[in-house]
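What follows is a short report on a single structure.
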Amino acid sequence: MAKTISAPRGTRDLLPEEAAAWNRVEAVARDLSRRYAFERIETPLFERVELFARGLGESSAAVEKEMFRVSGATGSDEERAEWALRPEPTAGIVRAFIEHGMHVRPGPLRLSLIGPMFRYDRPQAGRFRQFSQWDVEVVGDPGPAVDAEVIELAHRFYTEVGLTDVVVHLNSIGDAVCRPAYRQALVDYFSVHIERLTDDSRRRLQVNPLRVLDDKMLAADLTEGAPKSADHLCDECRAHFRQVLDLLDTLGVRHIVDHRLVRGLDYYTRTAFEFVIAGREGQQQALGGGGRYDGLVELLGGRATPGIGFGIGLDRVVIAMQEQGVSLPQASDLVAVVGFADDHADRLRVAGQLRDAGIAVRPDGSSRKLGKQLEAAAKVGAGWAVIVGEELRTGLVGLKNLHSGEQDSVAVEDVAARVSEGSALP
RNA sequence: GUGGCCUUAGCUCAAUCGGUAGAGCAUCGGAUUGUGGCUCCGAAGGUUACGGGUUCAAGCCCCGUAGGCCACCCCA
């Protein structure tokens, strides 16, 4: 045997046995996108490094150490530009929004995508270098109602996918008006305790003081004693946050205000949130997160436009579904077509007729004895076997229920109806 | 980027003191020519992750590399 090649580190193959869970997750995401009137958008899997550096912030972990760089080909300047696989979808969507002049469209714009993201960090439970997200963005709506609607949408997603105990943690981190003062308050506070900070936090204090709150290495009393952004909000931000919380109460969305939640990306303003499984502290408990980014469009060269959105990590959702034992009903309306000797023409013709009628068919292509074919049919999960034999001359085939063993002779055109009655559940 | 544990058949695992690789499950075939699931018989499947070292002899001891798992940072 030739030397084998394995999947790249931090990536994995989606095998057929996991398909049911992924199908469910993607189906719910697509259906909710439809019901909440989001339109599909697709952006490239790679963009210029500069887009992410400017959009997410130079000091964000995603840019600082997790950028998955694409080595450019030789040739033109275009090809030699620095590219990176997208670590998150928002920057690309905002880039497209600006590039296509989408601000002139009747708004607010509601955009959604499902696709892979890439971060070059070390693989771990629930963390991969390639992972999948469902992302939704509302661009052009500054009001708190849309914050609540979007959070409620994510919450509904978790429920419909079958998960329980998912709660939203949220915070308001202010805006261009009040953040500078809060920022200074943090600098003042942490400067007093500079000897208790980690090297990393001392650096963050210079670059982005909010992210010192994110440093889990610091003693709890140090971060809990730090100034809270909620206490430093300007009147507008305070009112906005208050309304978001009230609306979530009205909608019955369980939420917890977390003063340490600042989020890893620099573009967030006002509302920031994260979805976690209650009681699962420590490891990769975040199932999704997002927030408002009222300054991002302008930062990337567009005219000032508010935005809000979230990304949900579908890999982690699938893992959580497995952990919680979410049941995924297996339809067994698959029909195997078996027959005798070399009557493949008959089998394929019958298979075609059944497919015309809309059912899933798997003809046996072998000339094995009938018993082997039936055994194989049951093993691949068929609920029914259609046995093609002499009676086909009169339009009849044997229809055998592979779970009960019952069998009778039916007309080919009646098979589909019998199968869709769906009595073949195991 | 840092640390710990690990790597033998497709999967889960054995292999005594260092003595030349085994089981269960799964797969495929058979058990008197047209009816599966149970049972029985049989076959196939390995450069013991890769590379080097020590030794008469290495799956086992030593070094390196890669990969996996777990945790930290951070996040989805």
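When reading the values below, keep in mind they use all heavy atoms of this one structure, side chains included, and skip hydrogens, waters and symmetry mates. All of these numbers come straight from a predicted model, not from anything done at the bench. Within every chain, numbering begins at 1; the chains are lettered A, B, ... in the order of the sequence lines, protein sequences first and strands thereafter.
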Have a look at [X] and say if it touches a base, only the backbone sugar-phosphate, or nothing, with a 4.0 Å heavy-atom cut-off.
{"X": "K400(A)", "result": "base"}
{"X": "I387(A)", "result": "base"}
{"X": "G288(A)", "result": "sugar-phosphate"}
{"X": "E390(A)", "result": "base"}
{"X": "G398(A)", "result": "nothing"}
{"X": "L402(A)", "result": "base"}
{"X": "Q130(A)", "result": "nothing"}

- request: Measure the distance from CZ on F131(A) to P on rC74(B) and round it to the nearest whole Å.
  value: 17 Å
Which atom pairs link the protein and nucleotides 5-9 of chain B when you take only N or O atoms and keep those under 3.5 Å?
none

Watson-Crick and G-U pairing of RNA chain B, under 3.5 Å, as dot-bracket with | and [ ]: (((((((..((((.....[..)))).(((((.......))))).....(((((..]....))))))))))))....
query: Which ring-ring contact (aromatic ring centres under 6.0 Å, His included) pairs, counting each pair once, include a residue from residues 118-149 of chain A, with sequence neighbours left out?
result: F68(A)-Y120(A), W134(A)-F157(A), W134(A)-F310(A)
query: Any salt bridge between D408(A) and R418(A), counting N to O under 4.0 Å?
result: yes
Any donor-acceptor pair under 3.5 Å joining the side chain of [X] to the base of [N]?
{"X": "R368(A)", "N": "rC28(B)", "value": "no"}
{"X": "Q407(A)", "N": "rU35(B)", "value": "yes"}
{"X": "R119(A)", "N": "rC74(B)", "value": "no"}

query: If you look at every heavy atom in E26(A) and I114(A), which pair is closest and at what distance?
result: O-CD1, 4.2 Å
message: Can you pull out every salt bridge (charged side-chain N to carboxylate O under 4.0 Å, His left out) where at least one residue sits in residues 6-16 of chain A? Sequence neighbours excluded, please.
response: R12(A)-D315(A)
- prompt: By side chain to side chain contact (heavy atoms under 4.5 Å, CB included), which residues pair with A272(A), not counting sequence neighbours?
  reply: R263(A)
Give each protein N/O atom lying under 3.5 Å from an N/O atom of nucleotides 65-69 of chain B, with the pair distance.
residue, atom, partner, partner atom, Å
rG68(B), OP1, G10(A), N, 3.3
rG68(B), OP2, R9(A), NE, 2.7

